[in-house]
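Structure record follows, encoded as structure tokens.
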2 protein chains.
Amino acid sequence: MKQSAFISPTALRVLDAAQILIQNNGYNGFSYEDLSKMVGLRKPSLHHHFPKKEDLGATVVERYTERFVLALHEIENTYVGAKEQIQAYVDLFIDTYGATQRLCPCGMLGAEAETLPERVRAGVTAFFEFNLSWLEAVITRGEKSGTFTLRDSPDQAALLLFAALEGAMVVGRGLNRRTAVAAVGQAAILSVLTVKSTQSLQGRRNVSIE
Amino acid sequence: MKQSAFISPTALRVLDAAQILIQNNGYNGFSYEDLSKMVGLRKPSLHHHFPKKEDLGATVVERYTERFVLALHEIENTYVGAKEQIQAYVDLFIDTYGATQRLCPCGMLGAEAETLPERVRAGVTAFFEFNLSWLEAVITRGEKSGTFTLRDSPDQAALLLFAALEGAMVVGRGLNRRTAVAAVGQAAILSVLTVKSTQSLQGRRNVSIE
DNA sequence: GTCTATACAACGATAGAC
DNA sequence: GTCTATCGTTGTATAGAC
């Protein structure tokens with residue numbers, strides 16, 4: 001996972017707007033015209049920074065994945081226990097969705113995968129695989145250390161947890177229910193990981209991904 | 001939930017094609033031109049059956065919901081136990097996605113909700129609410145009868161199960177993993193419902209929704 | 001009910017001046 | 001790096017003949 005090449009301040013503003021539009025409208029649901037209104041540049045200026053829509057989409061996904069990787073490293077450095085790390089991971093989704101009701105960009109793009117340019121689609125796949133392997137590793141560690149018991153294999157538990165979080169955003173949006181991700185997140189932790197000690201989790205930090 | 005008005009055989013073929021396009025490409029990802037190629041009619045002929053794209057989208061959602069209602073009644077009439085009914089419900093998702101890798105139309109539209117015409121969006125909300133209330137009722141019954149124990153309230157368990165199934169399609173598509181829904185479905189049943197007796201489920205029927 | 005023809009806007013994208 | 005101007009294509013939708 002290498003670092004992005006240098007991106008100019010203007011290009012960053014374009015990326016920020018594009019990400020919001022992808023989260024709200026989807027890749028097929030926004031245009032350079034929409035972007036133009038948000039950023040305050042004319043369409044050809046946008047093409048100067050991202051010649052094809054495909055470039056823009058792929059860069060949004062790559063930047064989001066990089067930020068996610070950093071956030072998970074931060075979690076590893078902040079929390080020691082597997083249970084606390086999973087809780088912090090779930091909080092990432094709760095805080096991100098709860099603040100804005102915007103979908104995970106890769107969740108939206110995953111639904112649209114069939115129609116996406118190949119580079120964008122590949123980025124989404126990489127994001128999903130990274131999340132699943134991180135979750136599986138943490139869950140495996142928690143099971144081995146006896147922090148919690150599983151009713152499934154770690155990879156199945158990871159997939160269930162991840163699918164539930166991504167699905168909660170889709171369902172929450174359709175229901176117009178802001179609290180859906182929080183409800184699913186907490187229920188998933190209770191259900192997927194049978195935590196052995198019953199101590200409550202406190203000191204929850206607010207760390208959303210933009 | 002009233003029955004649809006009469007729909008001509010040609011209009012039915014248009015609806016079938018439109019549903020597949022929504023499942024694969026999303027509402028913003030298909031056009032009357034795409035539809036024209038699939039059905040073998042010219043664009044104006046399509047507009048004769050469904051004047052606005054909004055009419056087409058709303059009718060697809062309403063018909064899908066009606067079929068889903070019928071399938072759930074069928075499940076109630078076929079299986080007695082709450083556990084078997086939940087299993088049959090999950091099988092509905094497994095079979096539907098597994099056969100074609102097409103998303104649940106309402107899952108796709110839920111992601112796109114922000115950009116949808118009001119009628120279409122309302123139909124998606126109704127579909128979600130219907131599914132959640134059905135699941136909650138069955139789960140409540142299963143808990144009261146002692147078939148399984150919950151770690152959450154029935155409404156949280158229902159939301160978790162539903163979000164996991166819808167999310168599994170999105171994630172499965174992004175990963176190009178055909179078995180994602182089946183894996184999530186089985187893991188969710190194991191995790192969400194702590195089944196008391198350990199007897200295996202047999203005689204699983206294949207009942208997919210088109 | 002289906003067609004040809006067409007309106008009119010929006011789309012992604014480029015040329016070339018500044 | 002941003003702009004005006006514009007290209008060619010596709011989008012939803014309508015008029016009117018058959």
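In what follows, chains carry the letters A, B, and so on, assigned in the order in which the sequence lines appear, proteins first and then strands, with residues in each chain numbered from 1.
For B:D55 and D:dT12, the CG to P distance is 13 Å, given to the nearest whole Å. C:dC11 atom C1' lies 15 Å from atom CG of A:L21, rounded to whole Å. Atom-to-atom, CG of A:L35 to P of D:dT2 comes out at 13 Å; the value is rounded to the nearest Å. Between A:E33 atom CD and D:dT10 atom C1' there is a gap of 16 Å when expressed in whole angstrom units. Across the protein-nucleic acid pair, B:K37 atom NZ and D:dG11 atom P stand 8 Å apart, rounded to whole Å. Between B:F50 atom CZ and C:dG1 atom C1' the separation is 14 Å, expressed in whole Å. With rounding to whole Å, A:L116 atom CG is found 14 Å from C:dG12 atom P.
Residue B:L41 is the one, among A:Y32 and B:L41, whose nearest nucleotide of DNA chain C lies closer to the 5' end (criterion: closest heavy atom).
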Check nucleotides 14-18 of chain C for protein N or O atoms closer than 3.5 Å to its own N or O atoms and list the pairs.
| from | atom 1 | to | atom 2 | distance (Å) |
| --- | --- | --- | --- | --- |
| C:dT14 | OP1 | A:K52 | NZ | 3.4 |

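Of the listed nucleotides (D:dA13, C:dT4, D:dC3), C:dT4 has the atom at the smallest distance from the side chain of B:R42.
For D:dT2, the OP1/OP2 oxygens have no side-chain nitrogen or oxygen of A:H48 closer than 4.0 Å. Side-chain nitrogen and oxygen atoms of A:S45 include none within less than 4.0 Å of the OP1 or OP2 phosphate oxygen of D:dT4.
Between the side chain of B:S8 and the backbone N or O of B:A11 there is at least one donor-acceptor pair closer than 3.5 Å.
At a cut-off of 3.5 Å, with distance as the only test, a side-chain donor of A:E76 or A:W134 sits close to an acceptor on the other residue. No side-chain donor-acceptor contact under 3.5 Å links A:Y27 and B:N28. A:Q19 and A:R102 form no side-chain donor-acceptor contact under 3.5 Å, judged by distance and modelled atom types alone. Remark: the B:R151 side chain and the B:Q156 side chain contain no N/O donor-acceptor pair separated by less than 3.5 Å. A donor atom on one side chain and an acceptor atom on the other are not found under 3.5 Å apart for B:N176 and A:T125.
Looking at heavy-atom distances under 4.0 Å, B:S31 makes contact with sugar-phosphate atoms alone, never a base. The residue A:F30 sits close only to the backbone: its heavy atoms come under 4.0 Å of sugar-phosphate atoms, none of a base.
Ring pair A:F162/A:F93 is perpendicular by interplanar angle, where above 60° counts as perpendicular and below 30° as parallel.
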